[in-house]
S.K.: 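Provided herewith is a single structure, encoded as structure tokens, for subsequent inquiry.
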Amino acid sequence: MARESFLRDDRWDDVSEETGMRTRAFWRPDPGWLQFGASVYELAPGAPGFKLHMHYGSEEMFFVVAGSPTLRTATEEERLAPGDVVYCREGRDGLHTFTNESGEPARIIGVSAGRFPDVVAYPEHGYAWVATRDPEFPAPEEGDAGIIARFDLPETP
């Protein structure tokens, strides 16, 4: 059994000024066990967050730990509070992103059930990617850099 703490450590795998987010990924402890993972996201005050997106091949649950992030879906925006849980289905019904319009940091734990390869579509931006690893994080210095392909989405009438 692998054991880590998301409370005691202040280590971050990715810090993005563009999104106003810090991310710490809790990688699967066994490379053969690829169906479960989690991340802690911290959104700075005023953070625009990541792009509105949906997964094909993965479902996600998000737990608000601190602050009051805003969830945006295809049809609505809703301000969340600590203790709120959001479930994002696979595909168009799971379209989502989080922003932080408040003056305080917000922390969310995201848990995903799915496997690579993964397809993630960004309909507002007109593209998607297919990947054998998470393309949002830098390629590992050693080992498999993964296969990542980006393609344009067809326009919808």
Side-chain angles (χ1 to χ4, degrees), residues 2-29 34-141 146 148 150 153:
R3 180 178 172 185
E4 296 182 69
S5 174
F6 72 92
L7 293 175
R8 291 190 303 264
D9 298 330
D10 198 31
R11 295 177 295 164
W12 299 97
D13 297 312
D14 185 58
V15 177
S16 169
E17 289 184 29
E18 179 183 344
T19 63
M21 293 175 59
R22 301 192 300 178
T23 305
R24 179 163 180 212
F26 292 86
W27 302 110
R28 295 137 178 110
L34 296 174
Q35 294 191 352
F36 201 66
S39 295
V40 174
Y41 302 99
E42 182 176 85
L43 288 86
F50 42 78
K51 297 172 183 160
L52 188 70
H53 68 283
M54 60 187 138
H55 293 266
Y56 290 93
S58 180
E59 296 179 337
E60 296 175 298
M61 287 180 74
F62 296 94
F63 300 82
V64 179
V65 178
S68 53
T70 299
L71 167 68
R72 184 164 71 95
T73 67
T75 58
E76 63 185 347
E77 289 188 14
E78 180 180 356
R79 189 164 243 181
L80 304 174
D84 285 342
V85 179
V86 175
Y87 173 72
C88 296
R89 294 179 176 274
E90 176 182 15
R92 189 165 295 280
D93 290 342
L95 198 60
H96 68 280
T97 190
F98 295 93
T99 63
N100 185 8
E101 300 167 6
S102 78
E104 300 294 325
R107 277 201 181 186
I108 301 168
I109 295 175
V111 179
S112 62
R115 61 182 337 156
F116 287 101
D118 188 14
V119 177
V120 180
Y122 301 88
E124 291 181 330
H125 297 275
Y127 72 91
W129 52 251
V130 178
T132 59
R133 67 166 181 83
D134 190 337
E136 302 297 327
F137 288 94
E141 292 180 21
I148 299 171
R150 180 178 158 154
L153 295 173

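Throughout, numbering of the chain's residues begins at 1 and tracks the sequence. Below, all heavy atoms of this structure are taken into account, side chains as well, without hydrogens, waters or symmetry copies.
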S.K.: Run the side-chain hydrogen bond (donor to acceptor under 3.5 Å, both in side chains) test against Thr73 and tell me which residues pass, sequence neighbours left out.
M.R.: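 In terms of side-chain hydrogen bond (donor to acceptor under 3.5 Å, both in side chains), with neighbours along the sequence ignored, Thr73 is linked to no residue.
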S.K.: Rounded to the nearest 0.5 Å, how far does NE2 of His53 lie from OG1 of Thr97?
M.R.: 7.0 Å
S.K.: Can you name the residues that form a side-chain hydrogen bond (donor to acceptor under 3.5 Å, both in side chains) with Thr19, not counting sequence neighbours?
M.R.: Ser16
S.K.: What pair of heavy atoms forms the shortest contact from Pro105 to Pro45, and how long is it?
M.R.: N-CG, 3.9 Å
S.K.: Can Trp12 and Val40 be said to form a side chain to side chain contact (heavy atoms under 4.5 Å, CB included), step by step?
M.R.: CA-CA 9 Å; Trp12 299 97; Val40 174; 4.2 Å; yes
S.K.: Step by step, work out the side chain to side chain contact (heavy atoms under 4.5 Å, CB included) result for Met54 and His96.
M.R.: CA-CA 7 Å; Met54 60 187 138; His96 68 280; 5.9 Å; no
S.K.: How close do Ser68 and Asn100 get, heavy atom to heavy atom, and via which atoms?
M.R.: O-OD1, 4.0 Å
S.K.: Taking all atoms of both residues into account, what is the closest heavy-atom pair of Gly20 and Ala47, and its distance?
M.R.: O-CB, 3.4 Å
S.K.: Can you name the closest pair of heavy atoms from His55 and Asp118 and give their distance?
M.R.: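 In this case the closest contact between His55 and Asp118 is ND1-OD2, 3.0 Å.
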S.K.: Go through the steps to decide whether Glu90 and Glu59 satisfy the test side chain to side chain contact (heavy atoms under 4.5 Å, CB included), and finish with yes or no.
M.R.: CA-CA 5 Å; Glu90 176 182 15; Glu59 296 179 337; 4.0 Å; yes
S.K.: Testing the basics here: between Tyr56 and Gly91, what is the closest heavy-atom pair and its distance to 0.1 Å?
M.R.: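 For Tyr56 and Gly91, the tightest heavy-atom pair comes out as CE2-CA, 3.6 Å.
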S.K.: Supply the atom-to-atom distance Leu95 CG to Tyr122 OH, rounded to the nearest 0.5 angstrom.
M.R.: 11.0 Å
S.K.: Quick one: closest heavy-atom pair of Ala128 and Ala121, and the distance?
M.R.: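 Scanning both residues completely, I find the closest heavy atoms to be CB-CA, 3.8 Å.
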S.K.: State which residues pass salt bridge (Lys or Arg N to Asp or Glu O under 4.0 Å) with Glu60; sequence neighbours excluded, sorted by chain then number.
M.R.: none
S.K.: Students often mix this up, so state it plainly: with edges at 30° and 60°, are the rings of Phe62 and Tyr41 parallel, tilted or perpendicular?
M.R.: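 It falls in the tilted class, 30° to 60°.
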S.K.: Please identify each residue that fulfils ring-ring contact (aromatic ring centres under 6.0 Å, His included) with Phe63, with sequence neighbours left out.
M.R.: none
S.K.: Taking atom CZ as the centre, does Arg79 end up with more than 12 heavy-atom neighbours from other residues, nucleotides or ligands that are less than 6.0 angstrom away?
M.R.: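 Enclosed.
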S.K.: Measure the CG-CD1 distance between Leu80 and Ile108 for me, rounded to the nearest 0.5 Å.
M.R.: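 These two atoms lie 7.0 Å from each other.
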S.K.: Under the salt bridge (Lys or Arg N to Asp or Glu O under 4.0 Å) test, which residues partner Glu77, sequence neighbours left out?
M.R.: none
S.K.: Is the backbone N or O of Glu104 less than 3.5 Å from a side-chain atom of Ser102, with the two atoms forming a donor-acceptor pair by type?
M.R.: yes
S.K.: Short question: side chain of Glu42, backbone of Arg107 - any donor-acceptor pair under 3.5 Å?
M.R.: no
S.K.: Mind checking side-chain hydrogen bond (donor to acceptor under 3.5 Å, both in side chains) for Arg72 and listing every partner two or more places apart, or none if nothing turns up?
M.R.: Glu124
S.K.: Let me see the working for Thr23 and Asp13 under side chain to side chain contact (heavy atoms under 4.5 Å, CB included), right down to the final yes or no.
M.R.: CA-CA 6 Å; Thr23 305; Asp13 297 312; 5.7 Å; no
